[in-house]
Amino acid sequence: ENKLNRNFVCKNWESAVKFINDITPIVESINHHPDIQLTNYRDINITIYTHSCNGLTEIDFELAKLIEAMTDIEYSPKWRREHINSV
């Protein structure tokens with residue numbers, strides 16, 4: 001499956017919704033929209049791929065880099081400790 005996936009746990013519901021709202025201007029600015037799932041009130045799953053070709057293109061990697069560059073994501077402290085290399 002040619003998709004980029006990222007899973008993480010936010011501190012709470014408010015921080016999860018804030019994250020989704022914070023990436024909105026980024027995805028709109030490059031007109032490339034990831035699939036985002038919010039489950040268990042704070043678990044986020046992001047899937048990035050180019051829907052038109054059902055695979056990966058350069059813009060997918062660009063979007064992933066922009067999202068990874070976000071520094072104000074409020075992770076769950078436990079998740080952050082357990083995934084120190086992911087943040």
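Counting from 1, the numbers follow the sequence of the chain as shown.
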**Student:** Asp60 vs Thr57, test: side-chain hydrogen bond (donor to acceptor under 3.5 Å, both in side chains). Steps then yes/no.
**Tutor:** CA-CA 6 Å; Asp60 299 306; Thr57 62; 3.2 Å; yes
**Student:** Check the orientation of Trp79 and His83. Use parallel for under 30°, tilted for 30 to 60°, and perpendicular for over 60°.
**Tutor:**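 The arrangement is parallel - the two ring planes meet at less than 30°.
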**Student:** Is there a side-chain contact between Val9 and Ile44 in this structure, where contact means two heavy atoms from C-beta onward sitting under 4.5 Å apart?
**Tutor:**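 No; the side chains remain at least 4.5 Å from each other.
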**Student:** Does Asn45 have any side-chain hydrogen bond (donor to acceptor under 3.5 Å, both in side chains) partners at least two apart in sequence or in another chain, and if so, which?
**Tutor:**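 By the side-chain hydrogen bond (donor to acceptor under 3.5 Å, both in side chains) rule, Asn45 matches Asn7, Thr47.
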**Student:** Side-chain contact, heavy-atom cut-off 4.5 Å: Leu38 with Phe19?
**Tutor:**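 Side-chain contact under 4.5 Å: no.
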**Student:** Given side-chain hydrogen bond (donor to acceptor under 3.5 Å, both in side chains), test His33 with Glu28 step by step and report yes or no.
**Tutor:** CA-CA 7 Å; His33 305 88; Glu28 288 296 322; 3.0 Å; yes
**Student:** Taking the side chain as everything from C-beta on, heavy atoms only, tell me whether Glu62 gets closer than 4.5 Å to Ile30.
**Tutor:**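 Glu62 reaches Ile30 side chain to side chain.
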**Student:** Would you call Ile48 and Lys3 a side-chain contact if the rule is heavy atoms closer than 4.5 Å?
**Tutor:**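 In short, these two side chains do not touch, never coming nearer than 4.5 Å.
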**Student:** Under a 4.5 Å cut-off applied to non-hydrogen side-chain atoms, are Ile23 and Leu66 in contact?
**Tutor:**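 Sidechains of Leu66 and Ile23: no contact.
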**Student:** Just verifying a value: how many Å separate Glu68 CD and Leu63 CG, rounded to the nearest 0.5 Å?
**Tutor:**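 Result: 10.0 Å between the selected atoms.
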**Student:** Hey, does Arg42 have a side-chain heavy atom less than 4.5 Å from the side chain of Ser15?
**Tutor:**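 Ser15 vs Arg42: side chains apart.
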**Student:** Are side-chain heavy atoms of Leu4 and Tyr49 found at a separation under 4.5 Å?
**Tutor:**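 A side-chain contact is absent here, since even the closest heavy-atom pair is not under 4.5 Å.
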**Student:** In terms of heavy-atom contacts, does CD of Glu82 have more than 12 from other residues, nucleotides or ligands at under 6.0 Å?
**Tutor:**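 Counting other residues, nucleotides and ligands, CD of Glu82 exceeds 12 neighbours.
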**Student:** Going by heavy atoms in the side chains, are Gln37 and Asp43 under 4.5 Å from each other?
**Tutor:**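 Gln37 vs Asp43: side chains apart.
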**Student:** Walk me through it: do Met70 and Asp22 pass the test side-chain contact (heavy atoms from CB on, under 4.5 Å)?
**Tutor:** CA-CA 9 Å; Met70 293 176 60; Asp22 287 351; 3.7 Å; yes
**Student:** What do the steps show when you test Ile46 against Ile67 for side-chain contact (heavy atoms from CB on, under 4.5 Å), and what is the final call?
**Tutor:** CA-CA 10 Å; Ile46 302 173; Ile67 292 172; 4.2 Å; yes
**Student:** To the closest 0.5 Å, what do you measure between NE2 (His51) and CG (Asp35)?
**Tutor:**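 Interatomic distance, His51 NE2 to Asp35 CG, rounded to 0.5 Å: 3.5 Å.
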